[in-house]
Amino acid sequence: MSTQVPQLVDRDAPIFSISVAAGLAGMHPQTLRGYDKLGLVQPRRAKGRGRRYSMRDVQRLRLIQHLSQVEGINLTGIQRILDMEAEIERLRATVERVGEQRDAALAQLAASGRVFTAETSGAVHLGRVIRGQRALPSR
C-alpha cells in the first residue's frame, strides 16, 4: 500500500468558472459580474475571456456577502473595508521584512563584537567588550 501525501491546492489558482464560483459563494452569477465591474473581486480571465475564480476569490465573495447581508454594509463601505484589509496585509509584510532585516543586522553586529551607543545629542560612541559581555563605554 502506497502512502501518498495530498497535494495542497493553490488558493490563488484561477480554477472555478463563474457558475461554479457563484454556487460556492451562494450567489447568482450576475452578482459576481457586478462585483467584478465594481472591482470588489477581480477574477482572472481564461483564453476565451471567461472569468476564472480562485478559492481566495470565493472566500472574498463570501466575506462580501456576509458584510452586505448580515452586517448591513453597503458596497462602498465594503470596498473601503477590503482596501483597508489589503493595506494591513501590506503593512504586516513590511513589518516582517524590517524585523528580519533588523535581526540580520543585530546578528552581524553581534558577530563583529562591536557595540555602539548614541546620546540624545546625536553623539555616537564605540562600546567596549568586558570579559565576553558587551558594556557601555565609560564616561
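Checking side-chain atoms of Ser68 against main-chain N and O of Ile64 turns up no donor-acceptor pair under 3.5 Å. A donor-acceptor distance shorter than 3.5 angstrom exists from the side chain of Gln65 to the backbone of Gly26, with no hydrogens or angles considered. In terms of modelled atom types and a separation under 3.5 Å, the side chain of Asp83 and the main chain of Arg80 share no donor-acceptor contact.
Remark: Arg97 does not engage Glu100 in a salt bridge, criterion side-chain N to carboxylate O under 4.0 Å.
Note that CG of Leu40 and OG1 of Thr31 are 11.5 Å apart. Values are rounded to the nearest 0.5 Å. Once rounded to the nearest 0.5 Å, the distance linking CG of Asp103 with CD of Gln101 reads 10.0 Å.
Side-chain contact between Asp57 and Ser54: present, with at least one pair of heavy atoms (C-beta onward) separated by less than 4.5 Å. Counting heavy atoms from C-beta outward, Val20 and Val58 have side chains that stay 4.5 Å or more apart. Residues Arg51 and Arg45 meet the side-chain proximity criterion, which asks for heavy atoms closer than 4.5 Å. Contact annotation: the side chain of Tyr53 approaches that of Val41 to within less than 4.5 Å [non-hydrogen atoms, C-beta and beyond]. Tyr35 places none of its side-chain heavy atoms less than 4.5 Å from the side chain of Arg60. Annotation: side chain of Gln79 is not in contact with side chain of Leu38 (no heavy-atom distance under 4.5 Å). Between Asp12 and Arg44 there is a side-chain heavy-atom pair separated by less than 4.5 Å.
Nearest heavy-atom pair, Leu32 versus Ala22, reported as atom, atom and distance to 0.1 Å: CD2-N, 3.7 Å. Closest heavy-atom contact between Pro29 and Ser19: CG-CA, 4.4 Å.
For the residue pair Gln59 / Arg62, no side-chain donor-acceptor distance below 3.5 Å is found, with atom types taken as modelled.
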Legend entry - side-chain contact (heavy atoms from CB on, under 4.5 Å) between Leu63 and Leu82, intermediate numbers included: CA-CA 9 Å; Leu63 174 62; Leu82 295 175; 3.8 Å; yes
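Atom CD of Glu85 has more than 12 neighbouring heavy atoms from other residues, nucleotides or ligands inside a 6.0 Å radius.
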